[in-house]
Amino acid sequence: MDISIIVPCYNEAENTDKLRRELFPILAELARESKVELLLVDDGSTDRTLEALASLLDTPELGGVEARILQHGTNRGLGAALRTGFGAARGNVIVTTVSDGTYRFTEIPTLLRYIDAGADIVTASPYHPQGGVEGVPAYRLVLSRGSSLLYRLTVDPRIHTYTALFRAYRRRVIDTIPFESDGFLAGTELLVKASLAGYRVVECPAVLHVRQYGASKAKIARTIRAHLGFQSRIVL
């Protein structure tokens, strides 16, 4: 399969070396059997993220992976960064992951095996009975856990986690399911709409780890309002 890996980045200069150390060897291994491209989306960072990403492109750890940087002149939000990545991706399987490594990059091959077995979307799931959370403060989980619970009640109770960005998609899902959100709701909106459209969603039990460098970019109050508005539209 041809694989596109999309990594949205906003003020993540401290995590770029983590990408080189932990993500690049995984991609180089995949590139031995598949055509792999890496799309690093700089969402209008105001720190040294763009320069740090550029320094990664010539690193030998990338192996046979084709890497590109896509840039927003101003910060437009996670959803906008995902749309930019999706629009540029050429793979028939698309993986989205977070730059801070809170989900282990070593799990990417596992996501791909679920796709190979017939799933249309594979989503990491720390709230699955076989998943888990390590070191993340409880207050950071309130929004994610609460939102996922409400989506289980209104959409599909078999899915335990609706808010993870760490996923794999078949190309046809991205080509046929639009999403409007520019913010952190985007991943949930895409998953919910794809599920309601009949695409097969599979969970991959995973462990969510605490962020080691930098700070989360989620604006909690704004994200709560976005989720409540979207859930209301689903119910109606």
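Just so you know, these numbers use all the heavy atoms, side chains as well, and skip hydrogens, waters and symmetry mates.
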How would you list, by chain and number, every residue that makes a salt bridge (Lys or Arg N to Asp or Glu O under 4.0 Å) with D182, sequence neighbours excluded? R83

Can you list the residues that meet the side chain to side chain donor-acceptor pair (under 3.5 Å) rule with S148, with sequence neighbours excluded? none

Selection residues 129-139 - residue pairs positive for salt bridge (charged side-chain N to carboxylate O under 4.0 Å, His left out), sequence neighbours left out: none

With sequence neighbours left out, what residues match T74 under side chain to side chain donor-acceptor pair (under 3.5 Å)? none

State plainly whether the residues D120 and R170 are in salt-bridge range, i.e. N to O under 4.0 Å. yes

Under the side-chain contact (heavy atoms from CB on, under 4.5 Å) test, which residues partner A81, sequence neighbours left out? P8, V41, D43, H72

Side chain to side chain donor-acceptor pair (under 3.5 Å) partners of D42, counting only residues at least two apart: S45

Show which side-chain atoms of residues 61-71 pair as donor or acceptor with protein atoms under 3.5 Å away, not counting sequence neighbours.
residue: E61; atom: OE1; partner: T59; partner atom: OG1; Å: 2.2
residue: E61; atom: OE2; partner: R20; partner atom: NH1; Å: 3.0
residue: E66; atom: OE1; partner: R90; partner atom: NH2; Å: 3.2
residue: E66; atom: OE2; partner: R90; partner atom: NH2; Å: 2.7
residue: R68; atom: NH2; partner: E37; partner atom: OE1; Å: 3.0
residue: R68; atom: NH2; partner: A88; partner atom: O; Å: 3.2

For residues 48-56, dump all side-chain donor-acceptor pairs below 3.5 Å to protein atoms at least two apart in sequence or in another chain.
residue: T49; atom: OG1; partner: E12; partner atom: N; Å: 2.7
residue: T49; atom: OG1; partner: A13; partner atom: N; Å: 3.1
residue: T49; atom: OG1; partner: D47; partner atom: OD1; Å: 2.6
residue: T49; atom: OG1; partner: D47; partner atom: OD2; Å: 3.3
residue: S55; atom: OG; partner: A52; partner atom: O; Å: 2.6

Rounded to the nearest 0.5 Å, how far does CG of D156 lie from OG of S195? 5.0 Å

Results of salt bridge (Lys or Arg N to Asp or Glu O under 4.0 Å) for R171 - residues two or more places apart only: D175

side-chain contact (heavy atoms from CB on, under 4.5 Å) filter on R152, not counting sequence neighbours, yields H160, Y162

Applying side chain to side chain donor-acceptor pair (under 3.5 Å) to Y199 and not counting sequence neighbours gives T176

With sequence neighbours left out, write down each residue that passes ring pair (Phe, Tyr, Trp, His ring centres under 6.0 Å) with Y103, or none if nothing qualifies. F166

